[in-house]
Amino acid sequence: KKQADSLRLEFQHSANDTLHMATARSLAYYYMETNRDSALYFAQQQANIANRLKLKLWEADALDNMGYLLSELRKYPQSLQTFLAALKIAENKETENNIYNPSKFSIKEDPTIGRLTVLSFCHQDMAGLYSNTGNVQKQLSNLLEALRIGESIHDMSILSTTNMNLGLLYLALNKFDSALIFGQRALDYSNISGFGKYKGHNLITIGNIYFKKENYALAKQYYKDAVQQVNKENNLKDLANVDVRLSYLHSVIGHSDSSLWYAKKGLAIAQSTGSPDVAEMAYTSLSAIYRLRNEMDSAFLYQGLAMAAKDSLNNQEKMNQFQNIGLDEQLRVQELEKEKIENKNKIRTYGMLAGLGVLSIIAFIIYRHSHQKQKANVVLVKTLSDLKSTQAQLIQSEKMASLGELTAGIAHEIQNPLNFVNNFSELNKELIEELKMKNEKLKIDDEEVKELLDDLEINLEKINHHGKRADAIVKGMLQHSQSSTGKKEPTDINKLADEYLRLAYHGLKAKDNSFNATLKTDYDGTIGSINIIPQDIGRVLLNLYNNAFYAVNEKTKLLSQGYEPTVSVSTKKMADKVEIKITDNGNGIPQKIVAKIFQPFYTTKPTGQGTGLGLSLAYDIVKAHGGELRVETKEGEGSEFIIQLPFV
């Protein structure tokens with residue numbers, strides 16, 4: 001900790017760019033397993049400085065760490081793009097020509113070994129991304145490539161971590177003997193090299209293997225060694241993990257008190273570090289312990305918590321599968337982009353030759369007709385501007401079409417089984433009601449039967465509730481994927497904005513009679529009509545209005561007196577565009593999540609109240625119109641969404 005404090009002071013006050021960059025790298029590694037948001041911030045700082053100083057290997061190293069952190073934060077498409085950028089740099093031998101302090105990356109002051117070391121870790125960390133998204137084949141191929149590079153440069157730290165990850169992979173595949181071989185190799189390489197950052201994790205893995213093989217004595221020894229090591233590493237997630245593993249072990253060997261103590265300790269750490277997978281294991285262990293003690297209230301409590309945690313993890317796994325399809329699609333798009341760039345380069349060459357010929361003719365004409373020079377220039381500038389605008393809109397349309405096809409396909413596949421879930425849950429609920437009525441008619445007075453029927457009814461209500469939530473998400477995905485079939489037409493933007501404002505307000509009032517808000521409007525009467533697809537821009541406005549009303553309504557619940565919920569709408573004519581501002585005096589948006597709000601599936605609303613697709617859809621519609629959508633916000637005071645649309 002003293003070293004970290006010293007590094008933070010150095011980072012804040014260092015005037016030397018290379019030292020500033022190196023300090024950022026050290027801080028990123030310090031926070032890697034304790035505070036991933038902080039680690040991501042310092043890795044980004046390293047990447048920015050390295051890019052500015054043209055120190056490409058340092059940039060690749062930073063991108064590799066960012067890819068790992070984004071994967072652990074479940075931002076899989078961003079993680080993939082970051083890893084691909086890191087690999088592109090690390091695979092290029094020219095990177096070796098300008099390396100500052102290569103011993104930071106390798107065991108020797110050797111640029112080639114430094115580059116290969118970074119390349120090996122890129123493959124190893126990329127394997128972790130494919131592990132998180134369930135792609136075993138790509139996980140294995142990346143690990144084997146990392147192992148090959150590590151063996152070629154005799155780097156014990158690379159061999160330690162790669163063998164550890166291969167052990168984890170074979171353990172997941174229930175190939176215990178192979179997993180044990182790789183785990184022991186990892187431990188040997190770690191001891192030889194002195195690289196102990198993930199030694200504790202490897203000790204847990206070996207303990208898990210022996211537990212699976214029912215060798216509880218050896219499993220306990222490795223778990224105990226792991227506790228000492230992860231404390232030394234300050235790796236809280238693994239500390240929670242090993243505590244829960246010890247709880248399972250003591251439960252199996254009949255040490256109920258020890259099992260309970262370790263489960264509670266592991267659960268507390270898992271909750272503090274935000275580790276839902278470890279928390280689910282702890283809940284399951286606690287439920288089993290209390291069941292054995294015949295303390296059924298506690299057993300049922302923890303069983304319910306375990307089921308809720310498992311449901312959450314299953315939902316995340318479904319999203320992982322969806323995102324994994326997105327990863328494969330991005331790889332395919334990447335190859336297509338390479339081909340497009342090559343074709344564009346050829347076209348650009350021919351275009352330049354043709355352009356030179358055209359320019360020669362234009363120059364001759366201008367020479368002969370100097371009095372038309374100013375008029376020709378104006379026409380040329382306007383044409384170029386129109387071409388750029390058209391090109392930007394075509395690119396955006398292609399992206400939306402590609403994403404739309406992918407999303408629509410997935411959503412349609414999910415919709416059919418989801419309909420069965422919803423329909424049969426409704427049907428079963430009716431059947432239970434009939435069964436209750438039948439019991440009453442037959443005068444069956446069995447409390448246990450009644451309790452079972454009540455439990456079944458409650459469970460079906462939960463299935464039906466979450467089924468409807470999933471249905472809303474699928475419908476949102478389909479809406480997000482639909483390309484507009486409307487045509488642009490001259491539209492009175494003031495009238496459109498006002499109509500949808502009233503529609504949103506009265507719609508919310510119809511649902512909640514207690515809701516009230518002050519509406520303020522300031523429309524610029526000089527705008528006239530602009531060329532838009534009115535139904536699409538209407539969807540954008542309706543979404544932003546609903547969000548504004550939701551924000552002021554939430555603040556009203558917190559401040560019952562002295563607060564007047566207000567939503568304001570204004571339009572303004574600018575040089576070549578129209579600006580629409582939608583302002584609320586709600587709670588505002590925290591700065592740390594502002595950059596995420598336009599991402600698909602990201603929502604600040606409580607579970608069940610939002611799909612996270614509204615702002616993403618609004619952003620895409622505005623972009624497709626050649627416009628811009630941004631937000632200005634201050635936490636505690638409110639938010640202002642700004643739409644800018646061109647006249648044509």
Side-chain angles (χ1 to χ4, degrees), residues 24 28-29 31-48 59-89 121-135 138-139 142 165 237 273-278 312-334 399 402-403 406-407 410 473 476-477 480 589-605 607 610-617 619-620 631:
Y29 269 96
Y31 286 111
M32 192 73 71
E33 302 301 336
T34 57
N35 188 327
R36 291 199 166 109
D37 286 331
S38 295
L40 187 61
Y41 168 79
F42 287 112
Q44 182 68 68
Q45 295 301 309
Q46 177 191 341
N48 293 343
E59 184 179 359
D61 171 70
L63 290 169
D64 171 43
N65 288 331
M66 289 169 62
Y68 166 76
L69 291 162
L70 288 166
S71 174
E72 291 302 302
L73 291 167
R74 295 187 174 92
K75 299 177 180 179
Y76 300 133
Q78 289 174 258
S79 174
L80 176 65
Q81 290 301 315
T82 309
F83 276 132
L84 291 175
L87 282 171
K88 186 176 181 180
I89 297 171
F121 276 116
C122 285
H123 281 292
Q124 187 174 164
D125 293 334
M126 201 167 179
L129 167 64
Y130 286 118
S131 172
N132 289 343
T133 53
N135 193 326
K138 288 187 178 179
Q139 179 190 0
N142 275 278
N165 286 315
K237 181 177 179 180
T273 57
S275 305
D277 50 340
V278 180
S312 176
L313 290 168
N314 286 340
N315 289 338
Q316 183 60 48
E317 181 59 31
K318 289 176 184 177
M319 188 56 65
N320 290 354
Q321 293 170 10
F322 171 72
Q323 293 200 22
N324 194 36
I325 296 170
L327 298 184
D328 293 336
E329 180 66 12
Q330 286 192 32
L331 286 171
R332 187 182 69 81
V333 170
Q334 181 106 356
K399 287 181 179 177
S402 177
L403 177 63
L406 174 66
T407 308
I410 296 167
I473 293 170
M477 289 167 64
H480 199 283
I589 304 169
Q591 285 300 318
K592 64 182 180 181
I593 65 168
V594 168
K596 304 176 185 177
I597 62 173
F598 294 114
Q599 296 176 5
F601 300 106
Y602 186 85
T603 180
T604 59
K605 295 177 181 177
T607 302
T611 63
L613 290 171
L615 284 178
S616 172
L617 177 62
Y619 184 85
D620 286 344
V631 64

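As a basis for the values below, the full set of heavy atoms in this structure was taken, side chains included, without hydrogen atoms, waters or symmetry mates.
To the nearest 0.5 angstrom, Tyr41 atom OH is 10.0 Å from Gln44 atom CD. Note: Asp37 CG to Leu73 CG = 5.5 Å, rounded to the nearest 0.5 Å. Between atom NZ of residue Lys75 and atom CE of residue Met66 there is a gap of 10.5 Å, rounded to the nearest 0.5 Å. Note that the OG atom of Ser71 and the CZ atom of Arg36 stand 9.0 Å from one another [nearest 0.5 Å].
Classification of the Phe598-Tyr619 ring pair by plane angle, with boundaries at 30° and 60°, yields tilted.
A heavy-atom distance below 4.5 Å is found between the side chains of Leu80 and Tyr130. You'll find the side chain of Met126 reaches within 4.5 Å of the side chain of Leu87, heavy atoms only. Contact check for Glu72 versus Leu40: no side-chain heavy atoms found under the 4.5 Å cut-off.
In the model, Gln139 has no side-chain atom that pairs as donor or acceptor with a side-chain atom of Asn135 under 3.5 Å.
The side chain to side chain contact (heavy atoms under 4.5 Å, CB included) test applied to Tyr29 returns Arg25, Met32, Asp61, Asn65, Lys197, not counting sequence neighbours. With sequence neighbours excluded, the residues satisfying side chain to side chain contact (heavy atoms under 4.5 Å, CB included) with Asn165 are Gln124, Leu143, Leu168.
When each of Leu69, Thr82, Asp64, Asn142 is paired with Asp125, the side-chain contact (heavy atoms from CB on, under 4.5 Å) condition holds for Asp64 and for no other.
Counting only distance, with no hydrogens or angles, the side chain of Ser79 and the backbone of Gly67 share a donor-acceptor pair below 3.5 Å.
Listed here is the closest heavy atom pair of Phe83 and Tyr68: CZ-N, 3.3 Å. Ala47 approaches Ala62 most closely through the heavy-atom pair N-CB, 3.6 Å. Between Ala43 and Ala28 the shortest heavy-atom distance is N-CB, 3.8 Å.
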Trace of the side chain to side chain contact (heavy atoms under 4.5 Å, CB included) decision for Lys237 with Asp277: CA-CA 10 Å; Lys237 181 177 179 180; Asp277 50 340; 4.0 Å; yes
